[in-house]
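Written out below as structure tokens is the structure these notes cover.
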Amino acid sequence: MKYIEPRKTNLLLWLSLLIFTLEAVGIVGYYWLAGGYFGDSSLTISRFVGLDTWSSLVFAGGNTIIVILMLYYMTTNARVKNFAWRFLMMAYIATFVALSIFPHSVNGGTVAEIHQFFSGAMFLLMFLLGITSLIIAKNKSSTIIGTLFTAFSIFFIVCYIIRPEFFTQNILWFETEYIYAFFAAIISSNNKSV
């Protein structure tokens, strides 16, 4: 009997990105329009999420779906067979779960500190995944996207550490760009040439 391998696709990653977009736009949009934070881009997505219990629960619920989709992607659709890439992806998913469980509450405290730790770890893992994706890139588009993401990662992480005013006053936009650029790098690494 002939074995037919299922078609590998990026659909699960695109769905994950769509869910993230919907929850982030919904939560930030609510606080901008009805929460008194109109146009404030000095708060991260996590800080907007942590402004109230309902937004933390919505974010955790959406992230649960994202985690399920990404785990299913890893077991069924990821073309990348590189051990380091797969290990880093699983570590990324684990940190994403942790920061979803521990929201960045307004009052700070231990829960917010745990969130900050896993958030920093997740951003670092995203950078390492970008480098790994660049190293294993097999075509021009993956190489270009991997290079751009790696360069932006260095800029983002350095700014996150030294916190210049232009960065902190617009961190919402920089963080969002970083997340979208990461997904571009991951999606491009799952192409037919890998």
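Sequence positions, counted from 1, serve as the residue numbers for this chain.
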My understanding is that only one of Phe167, Phe174, Phe127 makes a ring pair (Phe, Tyr, Trp, His ring centres under 6.0 Å) with Phe156; could you say which? Phe167

Sub-4.5 Å side-chain heavy-atom contact between Ser16 and Tyr73: no

Hey, mind stepping through His115 and Val111 against side chain to side chain contact (heavy atoms under 4.5 Å, CB included) and telling me if it holds? CA-CA 6 Å; His115 177 90; Val111 172; 5.7 Å; no

Output yes when a side-chain donor or acceptor of Asn139 lies under 3.5 Å from a complementary backbone atom of Ser142, and no otherwise. yes

Does the side chain of Ile171 come within less than 4.5 Å of Arg163's, by heavy atoms? yes

Cluster overlap Phe123 with Ile162, hydrophobic side-chain contacts below 4.5 Å: yes

Set of residues satisfying side chain to side chain donor-acceptor pair (under 3.5 Å) with respect to Thr64, sequence neighbours excluded: none

Which atoms form the tightest heavy-atom contact between Ile157 and Tyr178, and what is the distance? CD1-OH, 4.2 Å

Spell out, as yes or no, whether a donor-acceptor pair under 3.5 Å connects the side chain of Asn82 to the backbone of Trp85. yes

Do the side chain of Arg79 and the main chain of Ser189 share a donor and acceptor less than 3.5 angstrom apart? no

Pairing residues for Ser42 by the side chain to side chain donor-acceptor pair (under 3.5 Å) criterion, not counting sequence neighbours: Asp40

Could you tell me whether a side-chain N or O of Arg86 sits under 3.5 Å from a main-chain N or O of Val80, the two making a donor and an acceptor? yes

Could you tell me whether the side chain of Met90 reaches within less than 4.5 Å of the side chain of Leu71, counting heavy atoms only? yes

Who are the side chain to side chain donor-acceptor pair (under 3.5 Å) partners of Thr44, not counting sequence neighbours? none

Checking Thr150 now: which residues fulfil side chain to side chain donor-acceptor pair (under 3.5 Å) with it, not counting sequence neighbours? none

Give me the atom names and distance for the closest heavy-atom approach of Ile186 to Ser133. CD1-OG, 4.2 Å

Which hydrophobic side chains are connected to Leu18, either touching it within the sub-4.5 Å cutoff or through other members that do? Leu22

Please indicate whether Phe155 has more than 12 foreign heavy atoms, meaning atoms of other residues, nucleotides or ligands, lying under 6.0 Å from its CZ. yes

Other ILVMFWY residues reachable from Ile144 by side-chain steps of under 4.5 Å: Leu148

Between His104 and Val49, is any pair of side-chain heavy atoms under 4.5 Å apart? no

So with a 6.0 Å cut-off around CZ of Phe166, is the heavy-atom count from everything else above 12? yes

Rounded distance (nearest 0.5 Å) linking atom CG of Leu43 with atom OG1 of Thr168: 11.0 Å

Is a side-chain donor or acceptor of Glu175 paired with a backbone partner of Ile45 at a separation under 3.5 angstrom? yes

Can a donor-acceptor pair be found, under 3.5 Å and without considering hydrogens, that links the side chain of Ser100 to the backbone of Ala60? no

Could you please spell out the steps behind the ring pair (Phe, Tyr, Trp, His ring centres under 6.0 Å) verdict for Trp54 and Tyr31? CA-CA 12 Å; Trp54 73 264; Tyr31 287 114; 5.7 Å; yes

Do Leu129 and Tyr180 sit in the same hydrophobic cluster, where Ile, Leu, Val, Met, Phe, Trp and Tyr count as joined when their side-chain heavy atoms come under 4.5 Å apart? yes

Looking at side-chain heavy atoms only, is the closest gap between Thr75 and Tyr72 below 4.5 Å? yes

Please tell me whether Tyr92 and Phe182 form a close aromatic pair, meaning their ring centres lie under 6.0 Å apart. yes

Just wondering, more than 12 heavy atoms not from Phe183 lying within 6.0 Å of its CZ? yes

Are Leu17 and Ile68 co-members of a hydrophobic cluster defined by side-chain heavy atoms under 4.5 Å apart? no

Mark yes or no for whether Ser119, through its side chain, and Gln116, through its backbone, hold a donor-acceptor pair below 3.5 Å. no

